[in-house]
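All remarks here apply to the structure that follows.
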Amino acid sequence: MRIGTTLTNYTINKQKGFQGASGTFTGLLNDIAVACKRIADLVNKGDLVGVLGAADTENVQGEQQKKLDVISNDLMIEALQHNGHIAGLASEEMDEIHQLPKGARRGNYLVLCDPLDGSSNIDINVSVGTIFSILKAPEGVENPDEADFLKPGTEQIAAGYCLYGPATILVLTTGDGVSMFTLNRDFGEFLLTREHVRIPEQTAEFAINMSYRRHWDSPVERYISECLEGKDGLRGKDFNMRWVASMVAEVHRILTRGGIFMYPCDAKIRAAGKDGKLRLMYEANPMAMIVEQAGGAATTGTQRILEVAPQEIHQRVPVILGSRAEVERVEAYHG
Ligand code: AHM
Ligand code: MG
């Protein structure tokens with residue numbers, strides 16, 4: 001499609017390819033884009049409008065919420081619940097599935113989101129983002145419950161994220177490649193800036209939180225030590241390291257110039273009774289779909305992320321994603 005096409009025209013054109021398409025999907029993406037623009041505006045204004053800092057609340061995972069976590073969640077609900085495009089909404093920031101108000105029109109889709117990922121970065125003015133995943137709602141279900149959302153990532157109709165960085169960029173896949181749209185703030189439109197995004201297969205850049213090294217399992221320790229050995233080691237090349245602590249920013253870097261991102265399970269996470277840090281339904285699945293659609297790979301170490309059968313909505317998983325050859329190497333080390 002022509003570079004500069006608006007996100008709305010892009011989705012209208014895509015939807016024309018589907019027989020019997022009603023325009024609901026275009027409407028839904030438009031709702032999500034509206035929420036992202038409103039979040040972008042607040043992230044951008046920060047202290048000027050008093051949105052930085054902690055809220056007085058914890059989310060269901062026992063994590064301290066930031067004011068902007070709560071506000072972004074409210075903005076997603078507000079943008080989505082009245083337009084007749086969704087049947088239900090689940091979010092990292094809400095204990096339960098959000099039920100639409102009585103009388104609100106129901107639509108064909110379910111949305112899962114992390115309204116503001118990487119929120120530990122908000123107060124220091126580093127990139128954060130919104131992640132979303134779209135599933136088909138079960139036929140005839142007015143008020144979907146948790147079980148209706150528990151589908152493996154392979155069943156996602158679409159997935160995307162909006163990165164609030166120096167530029168605000170919305171990245172989208174509907175299952176036939178990955179496209180990027182940059183927000184033109186002058187007239188408030190997302191415009192197509194990159195299509196057919198491909199992750200380079202080879203890379204010499206890894207992203208992992210090294211401060212957890214003493215807790216790692218041996219396959220992760222082996223992979224990273226071999227990278228650190230550089231030119232003189234088994235890999236025969238020097239590696240570079242990045243850690244933004246903001247998954248949206250890490251995935252965006254990988255889509256742009258390759259690399260591998262790892263948030264594995266480790267002894268400390270296991271001792272806390274968890275299976276990983278990142279959430280399957282709001283973070284791992286949508287990012288895995290985007291990365292695979294760009295030619296990369298995404299695994300838990302032992303299983304393709306998109307094939308994990310979810311057991312509960314806030315489930316956590318180990319995440320290793322990025323350039324295919326590197327991800328396959330880590331998987332091979334897991335045996
Ligand atoms: P969040 O959803 O509470 O923001 O947590 C997810 C974030 C990811 O964006 C990032 O990769 C990770 O947490 C950083 O974790 P750590 O602070 O352990 O390095
Ligand atoms: Mg998150």
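Order of appearance sets the numbers: ligands from 1, and atoms from 1 within every ligand.
In summary, the atoms of ligand 1 found under 4.0 Å from a heavy atom of D114, numbered by their order in the structure, are 2 (O). For ligand 1, the atoms closer than 4.0 angstrom to any heavy atom of E283 are 2 (O), 6 (C). Within ligand 1, the atoms closer than 4.0 Å to a non-hydrogen atom of R279 are 1 (P), 2 (O), 3 (O), 5 (O), 6 (C), numbered from 1 in the order shown. Contact atoms of ligand 1 toward E92: 1 (P), 2 (O), 3 (O) (distance under 4.0 Å to a heavy atom of the residue).
Here D117 has heavy atoms under 4.0 Å from ligand 1 in both its backbone and its side chain. Looking at L278 against ligand 1, only its side chain comes within 4.0 Å, counting heavy atoms.
A donor-acceptor pair under 3.5 Å is formed between the side chain of Q156 and the backbone N or O of G153. Put simply, the side chain of E229 never gets that close to the backbone of R235: no donor and acceptor are under 3.5 Å apart.
Scored by the salt bridge (Lys or Arg N to Asp or Glu O under 4.0 Å) test, R198 finds no partners at all (sequence neighbours excluded).
Taking each of Y263, F261, Y212 in turn, the one with a heavy atom nearest to atom 15 (O) of ligand 1 proves to be Y263.
Looking only at heavy atoms of the protein, atom 13 (O) of ligand 1 is closest to K277 CE, 3.3 Å. With hydrogens left out, the protein atom closest to atom 4 (O) of ligand 1 is G118 N, 2.7 Å, a heavy atom. Considering only non-hydrogen protein atoms, atom 8 (C) of ligand 1 sits nearest to M247 N, 3.6 Å.
With no hydrogens or angles considered, a side-chain donor-acceptor pair links R185 and T168 at under 3.5 Å. E189 and N184 form no side-chain donor-acceptor contact under 3.5 Å, judged by distance and modelled atom types alone.
Within 6.0 Å of the NZ atom in K237, the count of heavy atoms belonging to other residues, nucleotides or ligands exceeds 12. Environment of CZ in R38: sparse, with no more than 12 heavy atoms of neighbouring residues, nucleotides or ligands closer than 6.0 Å.
Ionic pairing of D41 and K37 is not present here: no N-O contact between side-chain nitrogen and carboxylate oxygen is shorter than 4.0 angstrom. Classification of R316 and D275 as a salt-bridged pair fails, no side-chain N sitting under 4.0 Å from a carboxylate O.
For the Mg ion (ligand 2), the nearby protein N/O/S atoms, meaning those under 2.8 Å, are D114 OD2, D117 OD1, E283 OE2.
Between D266 and V220 there is no side-chain heavy-atom pair separated by less than 4.5 Å.
Using cut-offs of 30° and 60° for the angle between ring planes, the Y282 and H314 rings count as tilted. Ring orientation note: the planes of H252 and Y161 are nearly perpendicular, at an angle over 60° on the 30°/60° scale.
Under a 4.0 Å heavy-atom criterion, S120 is not in contact with ligand 1. The closest approach between a heavy atom of Y282 and any atom of ligand 1 is not below 4.0 Å.
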